[in-house]
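Below you'll find the structure, written out as C-alpha coordinates, and then a few comments.
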Amino acid sequence: MKTKILLIIATLSALSVIGFAQVKVTAKLVNYKRPNSVVNEYKREFSITYPVVAGANGKKIEAILNYEKTFEFKMKDQLSGEDTWLDSCDFKVNYNKNDILDVLLSMEGSGAYPSMSSKYLIINTKTGTRVKPADVFVKLDELAAMIKKAQKSEMKKAATDYKKDPESADFDAGEYFNNADFKAENLWAFTVGDKGITFHYNYEFPHAMLALQPLGDYFYGWNTLKPYLKTDGLFGKFAK
(Lines give C-alpha, C1' and ligand atoms only; values in the text may rest on other atoms or scores of the structure.)
Protein backbone atom coordinates (compact mmCIF):
# COMPACT_ATOMS: atom_id res chain seq x y z
CA MET A 1 0.00 0.00 0.00
CA LYS A 2 2.79 2.36 0.93
CA THR A 3 4.52 1.64 -2.38
CA LYS A 4 1.33 2.42 -4.31
CA ILE A 5 0.93 5.73 -2.49
CA LEU A 6 4.51 6.66 -3.30
CA LEU A 7 3.95 5.81 -6.96
CA ILE A 8 0.81 7.96 -7.06
CA ILE A 9 2.65 10.88 -5.46
CA ALA A 10 5.52 10.52 -7.92
CA THR A 11 3.10 10.43 -10.85
CA LEU A 12 1.22 13.51 -9.65
CA SER A 13 4.51 15.33 -9.10
CA ALA A 14 5.62 14.54 -12.64
CA LEU A 15 2.31 15.72 -14.06
CA SER A 16 2.47 18.93 -12.06
CA VAL A 17 5.93 19.65 -13.46
CA ILE A 18 4.67 19.08 -17.01
CA GLY A 19 1.65 21.31 -16.42
CA PHE A 20 3.78 23.97 -14.76
CA ALA A 21 6.21 24.03 -17.68
CA GLN A 22 3.52 24.70 -20.29
CA VAL A 23 2.02 28.15 -20.74
CA LYS A 24 -1.16 29.88 -21.85
CA VAL A 25 -0.86 32.66 -24.42
CA THR A 26 -3.60 35.24 -24.96
CA ALA A 27 -3.76 38.38 -27.06
CA LYS A 28 -3.97 42.00 -25.91
CA LEU A 29 -4.74 44.54 -28.64
CA VAL A 30 -3.57 48.11 -28.06
CA ASN A 31 -4.31 50.95 -30.49
CA TYR A 32 -1.88 53.87 -30.49
CA LYS A 33 -2.27 57.39 -31.86
CA ARG A 34 0.42 59.52 -33.43
CA PRO A 35 0.34 63.35 -33.19
CA ASN A 36 -2.16 65.21 -35.38
CA SER A 37 0.87 66.86 -36.97
CA VAL A 38 1.41 63.68 -38.99
CA VAL A 39 0.40 64.78 -42.46
CA ASN A 40 -1.05 61.47 -43.68
CA GLU A 41 -4.26 60.84 -41.74
CA TYR A 42 -3.96 57.09 -42.40
CA LYS A 43 -0.70 57.11 -40.46
CA ARG A 44 -2.08 58.71 -37.32
CA GLU A 45 -2.87 55.34 -35.77
CA PHE A 46 -1.16 51.95 -35.50
CA SER A 47 -1.96 48.83 -33.52
CA ILE A 48 0.03 46.22 -31.64
CA THR A 49 -1.34 42.88 -30.50
CA TYR A 50 0.76 41.82 -27.55
CA PRO A 51 1.19 38.18 -26.47
CA VAL A 52 0.32 37.83 -22.79
CA VAL A 53 1.89 34.72 -21.29
CA ALA A 54 0.55 33.04 -18.16
CA GLY A 55 2.29 30.11 -16.53
CA ALA A 56 5.89 29.06 -16.05
CA ASN A 57 8.40 31.79 -16.88
CA GLY A 58 5.63 33.97 -18.33
CA LYS A 59 7.47 37.26 -17.97
CA LYS A 60 10.70 35.83 -19.36
CA ILE A 61 8.84 34.54 -22.40
CA GLU A 62 7.06 37.86 -22.93
CA ALA A 63 10.46 39.56 -22.91
CA ILE A 64 11.56 37.27 -25.75
CA LEU A 65 8.36 37.98 -27.69
CA ASN A 66 9.15 41.69 -27.74
CA TYR A 67 8.38 43.41 -31.03
CA GLU A 68 10.76 46.34 -30.54
CA LYS A 69 13.69 44.06 -29.78
CA THR A 70 12.80 41.53 -32.47
CA PHE A 71 12.28 44.02 -35.30
CA GLU A 72 14.61 46.73 -34.00
CA PHE A 73 12.29 49.73 -33.92
CA LYS A 74 11.59 52.27 -31.17
CA MET A 75 8.11 52.90 -29.82
CA LYS A 76 9.03 56.45 -28.87
CA ASP A 77 9.73 57.22 -32.54
CA GLN A 78 6.37 55.75 -33.53
CA LEU A 79 4.46 57.67 -30.85
CA SER A 80 6.19 60.95 -31.65
CA GLY A 81 5.50 60.62 -35.37
CA GLU A 82 9.18 60.67 -36.18
CA ASP A 83 8.73 57.24 -37.77
CA THR A 84 5.37 56.47 -39.41
CA TRP A 85 6.12 53.26 -41.31
CA LEU A 86 4.54 50.85 -38.80
CA ASP A 87 0.88 49.93 -39.25
CA SER A 88 0.55 46.86 -37.03
CA CYS A 89 2.28 44.08 -35.11
CA ASP A 90 0.71 40.71 -34.48
CA PHE A 91 1.58 37.15 -33.49
CA LYS A 92 0.48 33.57 -34.11
CA VAL A 93 1.03 30.57 -31.84
CA ASN A 94 1.93 27.61 -34.05
CA TYR A 95 2.64 25.04 -31.32
CA ASN A 96 2.30 25.02 -27.55
CA LYS A 97 2.97 21.67 -25.89
CA ASN A 98 5.78 19.27 -24.95
CA ASP A 99 7.55 22.23 -23.26
CA ILE A 100 7.76 23.89 -26.70
CA LEU A 101 6.25 27.26 -27.56
CA ASP A 102 6.43 28.12 -31.26
CA VAL A 103 5.41 31.69 -32.09
CA LEU A 104 5.49 33.70 -35.31
CA LEU A 105 5.84 37.46 -34.80
CA SER A 106 4.90 39.71 -37.70
CA MET A 107 5.11 43.42 -38.43
CA GLU A 108 3.33 45.26 -41.25
CA GLY A 109 3.93 48.76 -42.48
CA SER A 110 3.79 50.97 -45.52
CA GLY A 111 5.85 53.65 -47.18
CA ALA A 112 5.92 53.79 -50.95
CA TYR A 113 4.23 50.38 -50.80
CA PRO A 114 3.09 47.96 -48.08
CA SER A 115 5.49 45.33 -46.77
CA MET A 116 5.74 42.80 -43.98
CA SER A 117 8.47 41.26 -41.87
CA SER A 118 8.21 38.12 -39.76
CA LYS A 119 10.29 36.22 -37.23
CA TYR A 120 10.04 32.61 -36.05
CA LEU A 121 10.70 32.11 -32.34
CA ILE A 122 10.93 28.74 -30.56
CA ILE A 123 10.93 28.89 -26.76
CA ASN A 124 11.66 26.28 -24.11
CA THR A 125 8.83 26.87 -21.63
CA LYS A 126 10.69 24.98 -18.88
CA THR A 127 13.55 27.45 -18.91
CA GLY A 128 11.90 30.48 -20.48
CA THR A 129 14.70 30.79 -23.04
CA ARG A 130 14.77 31.02 -26.81
CA VAL A 131 15.86 27.83 -28.55
CA LYS A 132 18.93 28.10 -30.78
CA PRO A 133 19.54 25.60 -33.62
CA ALA A 134 22.59 24.28 -31.77
CA ASP A 135 20.37 23.54 -28.75
CA VAL A 136 18.24 21.02 -30.63
CA PHE A 137 20.14 19.96 -33.77
CA VAL A 138 23.46 18.27 -34.48
CA LYS A 139 25.45 18.23 -37.75
CA LEU A 140 24.06 21.65 -38.65
CA ASP A 141 25.94 21.98 -41.94
CA GLU A 142 24.79 18.54 -43.05
CA LEU A 143 21.20 19.35 -42.13
CA ALA A 144 21.39 22.64 -44.04
CA ALA A 145 22.83 20.80 -47.07
CA MET A 146 19.86 18.44 -47.06
CA ILE A 147 17.44 21.37 -47.05
CA LYS A 148 19.45 23.12 -49.77
CA LYS A 149 18.78 20.17 -52.08
CA ALA A 150 15.06 20.70 -51.57
CA GLN A 151 15.53 24.41 -52.22
CA LYS A 152 17.31 23.71 -55.52
CA SER A 153 14.43 21.47 -56.61
CA GLU A 154 11.95 24.19 -55.67
CA MET A 155 13.81 26.82 -57.72
CA LYS A 156 14.07 24.50 -60.72
CA LYS A 157 10.34 23.81 -60.64
CA ALA A 158 9.53 27.51 -60.19
CA ALA A 159 11.67 28.45 -63.21
CA THR A 160 9.79 25.88 -65.31
CA ASP A 161 6.41 27.12 -64.06
CA TYR A 162 7.29 30.72 -64.95
CA LYS A 163 7.85 29.74 -68.59
CA LYS A 164 4.59 27.80 -68.77
CA ASP A 165 2.51 30.78 -67.62
CA PRO A 166 2.08 33.51 -70.28
CA GLU A 167 1.90 36.17 -67.55
CA SER A 168 5.31 35.23 -66.13
CA ALA A 169 7.04 33.81 -69.21
CA ASP A 170 9.33 36.83 -69.45
CA PHE A 171 10.14 36.87 -65.74
CA ASP A 172 13.78 36.14 -64.94
CA ALA A 173 14.29 35.03 -61.35
CA GLY A 174 18.00 34.54 -61.87
CA GLU A 175 19.11 37.49 -59.77
CA TYR A 176 17.13 36.14 -56.80
CA PHE A 177 17.79 32.44 -57.29
CA ASN A 178 21.52 32.96 -57.88
CA ASN A 179 21.80 34.44 -54.40
CA ALA A 180 19.55 31.84 -52.74
CA ASP A 181 21.70 29.59 -50.60
CA PHE A 182 20.27 27.74 -47.62
CA LYS A 183 23.00 27.63 -44.97
CA ALA A 184 23.25 26.65 -41.30
CA GLU A 185 22.46 30.25 -40.33
CA ASN A 186 19.03 29.84 -41.95
CA LEU A 187 18.12 27.04 -39.51
CA TRP A 188 16.83 29.68 -37.09
CA ALA A 189 13.61 29.99 -39.11
CA PHE A 190 11.49 26.91 -38.46
CA THR A 191 8.14 25.87 -37.05
CA VAL A 192 7.29 22.77 -35.02
CA GLY A 193 4.40 20.36 -35.49
CA ASP A 194 3.31 16.98 -34.13
CA LYS A 195 4.64 15.27 -37.24
CA GLY A 196 7.89 17.17 -37.74
CA ILE A 197 9.52 20.49 -38.55
CA THR A 198 9.09 22.96 -41.39
CA PHE A 199 12.11 25.11 -42.22
CA HIS A 200 11.48 28.47 -43.87
CA TYR A 201 13.47 30.54 -46.35
CA ASN A 202 12.70 34.04 -47.67
CA TYR A 203 13.84 34.64 -51.23
CA GLU A 204 13.24 38.38 -50.71
CA PHE A 205 11.48 39.07 -53.99
CA PRO A 206 10.47 42.74 -54.39
CA HIS A 207 6.91 43.69 -53.49
CA ALA A 208 5.74 43.78 -57.13
CA MET A 209 6.98 40.21 -57.66
CA LEU A 210 5.83 38.58 -54.41
CA ALA A 211 3.11 36.58 -56.16
CA LEU A 212 5.87 34.75 -58.06
CA GLN A 213 8.05 34.02 -55.04
CA PRO A 214 8.36 30.31 -54.12
CA LEU A 215 7.02 29.37 -50.70
CA GLY A 216 10.43 28.45 -49.30
CA ASP A 217 8.85 25.95 -46.87
CA TYR A 218 10.59 22.60 -46.39
CA PHE A 219 8.93 19.97 -44.20
CA TYR A 220 10.72 16.96 -42.70
CA GLY A 221 9.13 14.31 -40.49
CA TRP A 222 10.65 13.33 -37.16
CA ASN A 223 11.93 10.04 -38.58
CA THR A 224 13.85 11.84 -41.31
CA LEU A 225 15.22 14.31 -38.77
CA LYS A 226 16.36 11.70 -36.23
CA PRO A 227 20.04 11.79 -37.31
CA TYR A 228 20.03 15.56 -36.75
CA LEU A 229 18.18 15.78 -33.43
CA LYS A 230 20.11 16.35 -30.24
CA THR A 231 19.02 13.46 -28.01
CA ASP A 232 19.40 15.50 -24.81
CA GLY A 233 17.80 18.59 -26.34
CA LEU A 234 14.20 19.83 -26.36
CA PHE A 235 13.36 17.62 -29.36
CA GLY A 236 15.10 14.57 -27.93
CA LYS A 237 11.75 12.89 -27.23
CA PHE A 238 11.08 12.86 -30.98
CA ALA A 239 14.41 11.14 -31.71
CA LYS A 240 13.36 7.95 -29.89
Side-chain angles (χ1 to χ4, degrees), residues 42-43 67 70-73 84-95 102-122 131-134 136-229 235 238:
Y42 299 106
K43 285 293 186 178
Y67 294 110
T70 300
F71 296 113
E72 298 181 347
F73 72 88
T84 61
W85 180 85
L86 180 64
D87 292 330
S88 65
C89 289
D90 205 348
F91 73 94
K92 177 185 177 183
V93 175
N94 296 311
Y95 193 85
D102 175 346
V103 179
L104 174 67
L105 295 186
S106 61
M107 175 176 69
E108 293 186 2
S110 56
Y113 53 81
S115 59
M116 183 182 79
S117 182
S118 58
K119 202 80 161 183
Y120 299 91
L121 299 171
I122 309 296
V131 175
K132 303 186 292 292
V136 290
F137 301 122
V138 295
K139 298 184 285 188
L140 301 186
D141 290 335
E142 187 178 317
L143 174 59
M146 179 179 73
I147 300 169
K148 185 175 179 178
K149 287 182 181 179
Q151 183 184 55
K152 285 183 176 180
S153 296
E154 179 180 55
M155 291 189 289
K156 184 177 180 180
K157 182 180 183 303
T160 301
D161 291 343
Y162 296 150
K163 293 178 181 178
K164 289 180 180 178
D165 188 342
E167 295 185 6
S168 60
D170 296 329
F171 176 65
D172 181 11
E175 63 177 295
Y176 310 109
F177 287 170
N178 289 341
N179 294 322
D181 185 11
F182 198 102
K183 298 180 180 178
E185 62 195 56
N186 300 117
L187 293 173
W188 281 89
F190 68 90
T191 48
V192 180
D194 286 326
K195 296 182 179 181
I197 291 176
T198 301
F199 296 93
H200 306 280
Y201 186 90
N202 184 358
Y203 287 91
E204 298 185 352
F205 276 30
H207 178 75
M209 302 295 181
L210 280 180
L212 298 175
Q213 178 172 284
L215 288 176
D217 296 339
Y218 314 105
F219 171 79
Y220 296 92
W222 292 118
N223 282 335
T224 302
L225 290 171
K226 274 186 180 181
Y228 306 104
L229 297 179
F235 300 156
F238 300 113

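Every value quoted in this text rests on a predicted model; they were computed, and no experiment measured them. Numbers here simply count residues along the sequence, with the first being 1.
Here the straight-line distance linking atom CH2 of W188 with atom CD1 of I122 works out to 11.0 Å at 0.5 Å rounding. Here M116 contributes atom CE and L210 contributes atom CG; the two are 9.0 Å apart, rounded to the nearest 0.5 Å. A distance of 9.0 Å separates CD1 of I147 from OH of Y218, quoted to the nearest 0.5 Å. Distance check, rounded to the nearest 0.5 Å: OG1 of T224 to CZ of F219 gives 8.0 Å. To the nearest 0.5 Å, the span separating NZ on K163 from OG on S168 amounts to 11.0 Å. With values rounded to the nearest 0.5 angstrom, D102 atom CG is found 9.5 Å from Y120 atom OH.
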Distance-only donor-acceptor hits, side chain of residues 85-93, under 3.5 Å, sequence neighbours excluded:
{"residue": "D87", "atom": "OD1", "partner": "K43", "partner atom": "NZ", "Å": "2.8"}
{"residue": "D87", "atom": "OD2", "partner": "S110", "partner atom": "N", "Å": "3.4"}
{"residue": "D87", "atom": "OD2", "partner": "S110", "partner atom": "OG", "Å": "3.0"}

Could you tabulate the donor-acceptor pairs under 3.5 Å formed by side-chain atoms of residues 191-199, not counting sequence neighbours?
{"residue": "T191", "atom": "OG1", "partner": "H200", "partner atom": "NE2", "Å": "2.9"}
{"residue": "D194", "atom": "OD1", "partner": "Y95", "partner atom": "OH", "Å": "3.2"}
{"residue": "D194", "atom": "OD1", "partner": "K97", "partner atom": "NZ", "Å": "3.1"}
{"residue": "D194", "atom": "OD2", "partner": "K97", "partner atom": "NZ", "Å": "3.1"}

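With respect to L143, the side chain to side chain contact (heavy atoms under 4.5 Å, CB included) criterion is satisfied by exactly one of V138, L229, L225: L225.
Applying the salt bridge (charged side-chain N to carboxylate O under 4.0 Å, His left out) rule to pairs touching residues 138-155 yields K148-D181, sequence neighbours excluded.
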Next on the checklist: Y176 vs Q213, test: side chain to side chain contact (heavy atoms under 4.5 Å, CB included). Steps then yes/no.
Outcome noted: CA-CA 9 Å; Y176 310 109; Q213 178 172 284; over 6 Å; no

Checklist entry - Run the side chain to side chain contact (heavy atoms under 4.5 Å, CB included) check on M209 and Y203 step by step: do they pass? => result CA-CA 11 Å; M209 302 295 181; Y203 287 91; over 6 Å; no

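Using a 4.5 Å heavy-atom cutoff, the side chains of P114 and E108 are not in contact.
Sparse packing is recorded around CG of D170, with 12 or fewer heavy atoms of other residues, nucleotides or ligands lying under 6.0 Å away.
Annotation for S118 and L104: closest pair CB-CD1, 3.8 Å, computed over non-hydrogen atoms. Residues L121 and L105 approach most closely at CD1-CD1, 3.6 Å, considering heavy atoms. Shortest non-hydrogen contact noted between A180 and Y201 is CA-OH, 3.3 Å. Between A184 and A144, the closest heavy-atom pair is N-CB, 3.5 Å.
Using bins of under 30°, 30° to 60° and over 60° for the plane-to-plane angle, the ring pair F177/Y162 lands in the parallel bin. Ring pair F71/Y67 is parallel by interplanar angle, where below 30° counts as parallel and above 60° as perpendicular.
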